[in-house]
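For reference, the structure is listed below as structure tokens.
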Amino acid sequence: MSDLIKLLPESVANQIAAGEVVQRPASVVKELLENAVDAGATKITLIIKDAGRMLVQVIDNGKGMSDTDARMSFERHATSKITTADDLFQIHTLGFRGEALASIAAVAQVEMKTRQTDEELGTKINIEGSKFISQEACTCDAGTSIAVKNLFFNIPVRRNFLKSNTQELKHIVEEFTKVALINPGIHFVLYNNDAKLYDLLPESFKQRIVNLVNKSYKEKLIAIESETEQIKISGFVCKPEFAKKSKTSEQYFFVNNRFVRHQYLRHAVESTYQELLPAEMYPMFFIKIDIVPSEVDVNIHPTKTEVNFQDSRTLYAILKAAIRKAFGMFSMRVPSMDFDVNPDFEALDLSGSRPVVSPAINTDPNYNPFEGMRGEKKTTTDEWKELYNGINREYDKRQEEVTLPLPEYENMSELNIGKSGFNLSEHFLQYKNKYIISTIDKGIIIIDQERAHERVLYEECLDKLDSGIAVSQIDMFPETITFSYDECIIINDNKETFEKFGFKLEKLGQSNYVISAHPASIATDEVKNFFMTLLSNLKDENERLLGNINRTIAKVSARKRCIKRGTVLHEDEMRAIATGLFGCKISDNDTSGNPTYAIIDMDAVSNFL
Ligand code: ADP
Ligand code: MG
């Protein structure tokens, strides 16, 4: 019997490899753009014809290639980026597998022109379906131009699999966006069928996001920043109120200047928003993670869009902390100042340049203004109605204001009320039993009583839980409650935390518990209902798994206990809510991300009167 095994010809091997690397025109775009970035280009032009079917061309002004390298670059496993296996742990470039050009040349007609700066002549190479056609000297600009024509010309099946032009172009723009976003220092130009779609001059990361992704993001993003010895996190996340319910948000992680997907880290970001917002929210974000190359493995995927981290748990925690810190900063506002124009925050005198006003009211921590003060109808303030209706909510305007990064998050508490720069008046009115109205230096402030009180209770409760002080009340006639299997697991896993909060649970048999004591802040007849709500929240939110149960408890507790809309308030109560709100770490939103207050700017009013 004759032997059956034979080595595949190089061209077939290349075609098979191409199946992994080149799925569609957008894959060619990605590989060519990455090569141009690796070559140190400062200007990169991408030219697309017929959604990339006819032509994908990338022209760069990078370092170019010698005649031999130009020829070599189309060989499989030809790379200038690593030489030993050890180099795999120290990769600073986007490419290193040496597969892209070989794969592309296997499934298209490729023309490359390249010249190194110090050479007079360049070289021109033509390859079709891995078949070398010609190489000759040529005059050309310094740098490299690679034109990929008639993609899949030799694999009609693959060609037929391509989607509509609109779809393919969408993929192309996505790839272009990923590379252009993370390289804002490079001038990028994109032509589609001779029409210039983008011309992005070198700029800051934030400007690049705004110019490339969405102009309106200028007002929607807050900066995040965190640095340890091993990891640096920077970039932008959206303000909580701009997170979306739909999954279409722009979400970008860049690890060592490479776009990557990462489910676990995405969860870190989204769950941080869930601390503020109720439902599944999809915030947009543009987060850069710079990490020593040996801590990350990018080699697990042929197009390298997935990575593994050595210590993803720590990274998860650092990322969450960075975002929380940014949210805290977000309530630090100063009147309009352009983030990009004036990056020199060091020059700002935090203590002197802004009105930092301490509260005019001394609060007694034991005083509960809400006790025994219900039912009395207060002054209605219809006079306010017209004023309020006639003027746009300050809330929209506030978005033009900027984040003022503080050197240390810990400084927040010192600045407290002053952080908003508001000088709250001593007088408060209630409107429609919903809003608390008062004045501040720049105008009239309208506070949503329910949202504000919820925020205050949330932060109070969280502080107590974090510091482990809870006042418990013994139940004289404890009820036995039967729980489901997964509820029992939650109870069992979190018994200590429940106790810290004031719940004492005693197990009776398989699935029965007695609540023998409960937090003093909850009325006895509310206990069961409260506990059940808490459990169902914990079941929904997998925060439990991440040690964030305190937040869930605080959220449920604040939600249940807060003064609702429709409740008539005394001036003392209103004052306590208002001052409480502006003493919070985050005063702008309730725990669901809704705004807690609006301001009618007196400057705006003077336009009317
Ligand atoms: P990799 O990027 O993984 O090394 P490629 O097949 O993409 O593999 O490229 C092979 C080699 O060709 C690169 O290592 C580089 O030396 C060279 N090369 C490719 N594109 C360019 C370019 N635009 N400018 C300069 N050199 C390039
Ligand atoms: Mg490459």
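Whatever order the structure lists ligands and atoms in, that order sets their numbers, starting from 1. Just so it is clear, the values below take in all heavy atoms, side chains as well, and ignore hydrogens, waters and symmetry mates. In this text the structure is predicted, and so the values were computed from the model without any measurement.
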Please tabulate, one pair per line, all N/O donor-acceptor pairs under 3.5 Å involving side-chain atoms of residues 125-132, not counting sequence neighbours.
none

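Taking only nitrogen or oxygen atoms, main chain and side chain alike, Lys63 does not reach within less than 3.5 Å of ligand 1. Below 3.5 Å of separation, one finds no N or O of Glu31 facing any N or O of ligand 1. Ligand 1 has no N or O atom lying under 3.5 Å from any N or O atom of Asp38, backbone or side chain. Taking only nitrogen or oxygen atoms, main chain and side chain alike, Gly64 does not reach within less than 3.5 Å of ligand 1. At a 3.5 angstrom cut-off on N or O pairs, Leu101 counts as close to ligand 1.
Under the 4.0 Å criterion applied to side-chain N and carboxylate O atoms, Lys178 and Glu174 are not assigned as salt-bridge partners. With salt bridges taken as basic N to acidic carboxylate O contacts below 4.0 Å, one links Arg208 and Glu203. Using a cut-off of 4.0 Å between Lys/Arg side-chain N and Asp/Glu carboxylate O, Arg76 and Glu99 are scored as not salt-bridged.
With a heavy-atom cut-off of 4.0 Å, Thr114 does not touch ligand 1 at all. At a 4.0 Å heavy-atom cut-off, ligand 1 touches Ala100 through backbone and side chain alike.
Under the 30°/60° scheme for interplanar angles, the aromatic rings of Phe309 and His262 are found to be tilted. Phe327 and Tyr273 have perpendicular rings, their planes meeting at more than 60° on a 0 to 90° scale where under 30° would count as parallel. The aromatic rings of Phe259 and Tyr252 stand perpendicular to each other, their planes meeting at an angle above 60°, with 30° marking the opposite boundary.
Contact atoms of ligand 1 toward Ser73: 10 (C), 12 (O) (distance under 4.0 Å to a heavy atom of the residue). For ligand 1, the atoms lying closer than 4.0 Å to a non-hydrogen atom of Thr79 are 1 (P), 4 (O), 14 (O).
The side-chain heavy atoms of Phe152 and Phe161, taken from C-beta on, include no pair separated by under 4.5 Å.
Residue contact annotation: Asn35 places an N/O/S atom under 2.8 Å from the Mg ion (ligand 2).
In the candidate list Met72, Glu75, Glu99, Met65, Met65 is nearest to atom 18 (N) of ligand 1, counting heavy atoms.
Remark: distances from the non-hydrogen atoms of Gly98 to ligand 1 include one below 4.0 Å.
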